[in-house]
Trainee: 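Would you mind keeping the following structure in view while I ask a few things?
Keep in mind that what you see is a predicted model, and the values were worked out from it rather than measured. One-based numbering along the sequence shown.
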Amino acid sequence: MASLTVILLLVVLATAVATGARHWKVPAPSLLVVAGLLVGLAPWVPDVRVPPEVISLVVLPPLLHASAEELSARELRPVWRPVAALAFGLVLASAAAVALVASAFTPLSPSMAFVLGAVLASTDPVAVTALGRRLSLPPRVQTMVQGESLFNDATSLVLFKVAVSGAVAAGAVSLPGAAWRFLLLGGGGALIGGAIGGLVVLIRRRTEDPTLETVIALVTPYAAYVVAEESHASGVTAVVVAAVVLGSTGHRLGSPGIRLQTHAVYGTIVFLLESVVFALIGLQLPVMVPELEATEGSWPLWVIACACTVLAVRLLWVFPMSALTQYVRGGRRGERGAGRPRVSWRVPAVVTWAGTRGVVPLAAALSIPLTTDAGQPLPHRALVLVLTTGVVVVTLVGQGFSLTSVVRWSGIALEPEHTVREEAWVRGALAGRALAELDRLAELGAAPPTAVDQARRRLDAAHGHGAGDADGPREETLHEDDRDLRRVLIRAETSELHRLYESSEISGATMRRLQRALDLEQASLGEA
């Protein structure tokens, strides 16, 4: 009963802090970690220990799914090269650097230092997405940062399992064995995720029950994760790939009412889970520190050293990679004779600073075995947990609170006017498509003249001023003929919106906002 009370109080606290963060316009993950840390330091608060399966099985799948579903194959295609370089090369470089630093400055053995390096090697998709939602980054940069954090799991997970095997068995690991494990984890997870995502698309296209559709949406990430893990593949990769498949087709699935209901339910669950899990990260550090040995008292300095290492390696990897990419791109554009353009530091600075650690490293660290194969306690396991949690806290708080300033300083953030102009142009295009459909219906005599005149006045105003009939439900009273005609026109506008998105003329964020506005208006008209 006491544990249940603590959990309920934690949910209330996390929800209150996350709500306050939105009101104060500060990054919720960073504020939640600070709140959890302060609460954990209070002497009357009982220890809260989180089993690794709670995070990896209960919390991670829906949060990863929500992050990955915001992307699509169309958005990932232009940035797959930098994403691949970050998700593979940078992970390996970060793991090696952290292992070297930990071996040199901490009591960790080389095998346990490699475990720490593998845990801290990858950025965290949950934290990156949660921090990125409040930034007006250009679509390409947002996709690159988010895609890296989503697809570097296979690399870091292979490194982690190889490192743990070496630490537990105290034996060497062969390169062919590691390569095979990578293919099994990453490739197997991608295949399973793609299959489950495709199957869910087929099921949802034939589902018209809002309750059943919502249940399918909630179960999908758990199904992908469990099937992949039981097949000894990467559950995280399976969830990510399944979500990308659904993100590429989700705007065409279900009716407007079903999409609105699913979005509302899923959004509520994601908000609660994000709020609780980041507060839990802060709560874990005061619980783990007392378990350290007397020789491990310098852990705060080691945390800072490891955090600086992952940031320095990221900077030394991202800036040269970006400079090379810009140099090659300039050559392809035939700029040799006119001189190549000056290399920009703005995007690399933001990409570097956005590489926070979070939920995934914590879940990996908690899953480290307690004993070796010989039955002896695994040496310095508590120190690895403390260093991991400490680095997660430092990056979430330090980089999280300052990321907005870095983005503003870099000057790459999209101005609010950019979004307004794009939405105004798209709404005008949608109104123009609806006017064309209205003209066609009028020529066929398929709608009453009064309904056609009323709809034409509304659409002429939208087409001429960029304001929209995509703004949401209206207060005016419509007759049934008007409602029927409006439903037809909304379907025409929705079709045009999908065409603009799939032809890469508008961003995914704009498409989702206007799709939701059209869904709200169509839902306000009632069932056809």
Trainee: So, do Pro377 and Leu370 sit near enough that their side-chain heavy atoms are less than 4.5 Å apart?
Mentor: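 The answer is no, as the side chains (C-beta and beyond) never meet within the 4.5 Å cut-off.
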Trainee: Where is the tightest heavy-atom contact between Asp124 and Arg357, given as atom of each residue plus distance?
Mentor: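 Shortest heavy-atom contact: CB-C, 3.9 Å.
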Trainee: What do the steps show when you test Glu213 against Thr262 for side-chain hydrogen bond (donor to acceptor under 3.5 Å, both in side chains), and what is the final call?
Mentor: CA-CA 7 Å; Glu213 181 87 3; Thr262 303; 5.3 Å; no
Trainee: To the nearest 0.5 Å, what is the distance between CD1 on Ile304 and CH2 on Trp299?
Mentor: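 Going from CD1 on Ile304 over to CH2 on Trp299, the span is 9.5 Å.
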Trainee: Side chains of Ser149 and Thr123: do they bring a donor and an acceptor to under 3.5 Å?
Mentor: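 Ser149 vs Thr123: no donor-acceptor pair found between side chains.
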Trainee: As a quick check of understanding, evaluate side chain to side chain contact (heavy atoms under 4.5 Å, CB included) for Leu285 and Val386, giving each step before the final call.
Mentor: CA-CA 6 Å; Leu285 194 58; Val386 168; 4.2 Å; yes
Trainee: Would you mind listing every salt bridge (charged side-chain N to carboxylate O under 4.0 Å, His left out) that reaches into residues 281-294, with sequence neighbours excluded?
Mentor: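 Qualifying pairs: Arg49-Glu291.
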Trainee: Identify the residue among Ile55, Thr389, Thr388 that makes a side-chain contact (heavy atoms from CB on, under 4.5 Å) with Leu366.
Mentor: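 Running side-chain contact (heavy atoms from CB on, under 4.5 Å) over Ile55, Thr389, Thr388 with Leu366 returns exactly one hit, Ile55.
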Trainee: Kindly compute the distance separating CZ (Arg204) from CG (Leu246), expressed to the nearest 0.5 Å.
Mentor: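 Arg204 atom CZ to Leu246 atom CG measures 6.0 Å (nearest 0.5 Å).
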Trainee: Roughly how far, to the nearest 0.5 Å, is CG of Leu32 from OG1 of Thr15?
Mentor: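 Here the interatomic distance stands at 9.0 Å.
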Trainee: Give me the atom names and distance for the closest heavy-atom approach of Val101 to Ala305.
Mentor: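 Looks like CG1-CB, 4.3 Å.
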Trainee: Under 4.5 Å between any side-chain heavy atoms of Ser67 and Gln146, yes or no?
Mentor: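 Yes - at least one pair of side-chain heavy atoms lies under 4.5 Å apart.
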Trainee: Run the salt-bridge test on Glu148 and Arg314 with the 4.0 Å N-O cut-off and return the result as yes or no.
Mentor: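 Yes, charged N to carboxylate O under 4.0 Å.
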Trainee: Which distance, rounded to the nearest 0.5 Å, do you find between the CD1 of Ile258 and the NE2 of His263?
Mentor: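 Reported to 0.5 Å precision, the distance equals 15.5 Å.
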Trainee: I'd like to know if the side chain of Ser30 and the backbone of Val26 have a donor-acceptor N/O pair within less than 3.5 Å.
Mentor: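 Answer holds: no.
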Trainee: Can you tell me how far the CG atom of Leu272 sits from the CD1 atom of Ile269, to the nearest 0.5 Å?
Mentor: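 It is 8.0 Å, given to the nearest 0.5 Å.
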Trainee: Measuring only between side-chain heavy atoms, which start at C-beta, is Leu301 closer than 4.5 Å to Phe105?
Mentor: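 Counting from C-beta outward, Leu301 and Phe105 never come under 4.5 Å.
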Trainee: Between Arg512 and Glu70, is there a donor-acceptor pair closer than 3.5 Å when you use the side chain of the first and the backbone of the second?
Mentor: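 Such a contact is found between Arg512 side chain and Glu70 backbone.
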Trainee: Return the minimal non-hydrogen interatomic distance between Thr295 and Trp302, and the atom names on each side.
Mentor: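 Looking at all heavy atoms of both residues, the shortest contact is O-CH2, 3.8 Å.
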Trainee: Kindly indicate whether the side chain of Ile368, heavy atoms from C-beta on, has any atom under 4.5 Å from the side chain of Leu378.
Mentor: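 Yes, at least one pair of side-chain atoms sits under 4.5 Å.
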Trainee: Can a side-chain donor-acceptor contact be found between Glu422 and Thr510 if the only test is distance below 3.5 angstrom?
Mentor: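 Yes - a donor-acceptor pair under 3.5 Å links their side chains.
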Trainee: Please report the shortest heavy-atom distance between Gly358 and Leu396, naming the atom on each side.
Mentor: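 Nearest heavy atoms, Gly358 then Leu396: CA-CD1, 4.5 Å.
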Trainee: Would you say the side-chain atoms of Gln284 pair up with the backbone N or O of Val48, donor to acceptor, closer than 3.5 Å?
Mentor: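 Judged by distance alone, yes, a pair lies under 3.5 Å.
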Trainee: Find out whether Leu57 and Glu229 are in side-chain contact, i.e. whether some heavy atom of one side chain is under 4.5 Å from a heavy atom of the other.
Mentor: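 Not touching, per the 4.5 Å side-chain cut-off.
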Trainee: Backbone N or O of Ala73 within a donor-acceptor pair of the Ser248 side chain at under 3.5 Å?
Mentor: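 Here the side-chain-to-backbone pair exists.
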Trainee: Please find out if less than 6.0 Å separates the ring center of His65 from that of Tyr222.
Mentor: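 Distance test on ring centres: not under 6.0 Å, no.
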Trainee: For the pair Tyr501 and Ser507, evaluate side chain to side chain contact (heavy atoms under 4.5 Å, CB included) and give the outcome as yes or no after the intermediate values.
Mentor: CA-CA 7 Å; Tyr501 171 68; Ser507 65; over 6 Å; no
Trainee: Can you confirm whether Leu120 sits close enough to Ser94 that some side-chain heavy atom of one is under 4.5 Å from a side-chain heavy atom of the other?
Mentor: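 The answer is no; the side chains never approach within 4.5 Å.
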Trainee: Under the criterion side chain to side chain contact (heavy atoms under 4.5 Å, CB included), I'd like the reasoning laid out for Ile506 against Glu423: C-alpha separation, chi angles, the key distance, then a yes or no.
Mentor: CA-CA 9 Å; Ile506 62 174; Glu423 287 196 12; over 6 Å; no
Trainee: Nearest 0.5 Å please: distance from the NE2 atom of His23 over to the OG1 atom of Thr19.
Mentor: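 It comes to 11.0 Å.
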Trainee: Is there a side-chain contact between Leu108 and Leu387 in this structure, where contact means two heavy atoms from C-beta onward sitting under 4.5 Å apart?
Mentor: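 The answer is yes, as the side chains (C-beta and beyond) meet within the 4.5 Å cut-off.
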Trainee: Which heavy-atom pair separates Pro348 from Ser322 by the least distance, and what is that distance?
Mentor: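 Pro348 and Ser322 have their closest heavy atoms at CG-OG, 3.1 Å.
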Trainee: Evaluate the salt bridge (Lys or Arg N to Asp or Glu O under 4.0 Å) criterion for residues Arg259 and Asp519: first the C-alpha distance (whole Å), next the side-chain angles of each, then the deciding distance (0.1 Å), finally the verdict.
Mentor: CA-CA 8 Å; Arg259 286 195 294 267; Asp519 287 346; 2.7 Å; yes
Trainee: Please find the pair of heavy atoms, one from Ala279 and one from Leu10, that lie closest to each other, and give the distance.
Mentor: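 Reported closest heavy-atom pair: CB-CD1, 3.9 Å.
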Trainee: Could you go step by step and tell me if Val318 and Leu86 meet the side chain to side chain contact (heavy atoms under 4.5 Å, CB included) rule?
Mentor: CA-CA 8 Å; Val318 170; Leu86 294 170; 3.9 Å; yes
Trainee: Please tell me whether Trp345 and Trp409 form a close aromatic pair, meaning their ring centres lie under 6.0 Å apart.
Mentor: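 Yes, ring centres under 6.0 Å apart.
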Trainee: Hey, are the side chains of Trp317 and Thr352 touching, using non-hydrogen atoms and a 4.5 Å cut-off?
Mentor: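 No; the side chains remain at least 4.5 Å from each other.
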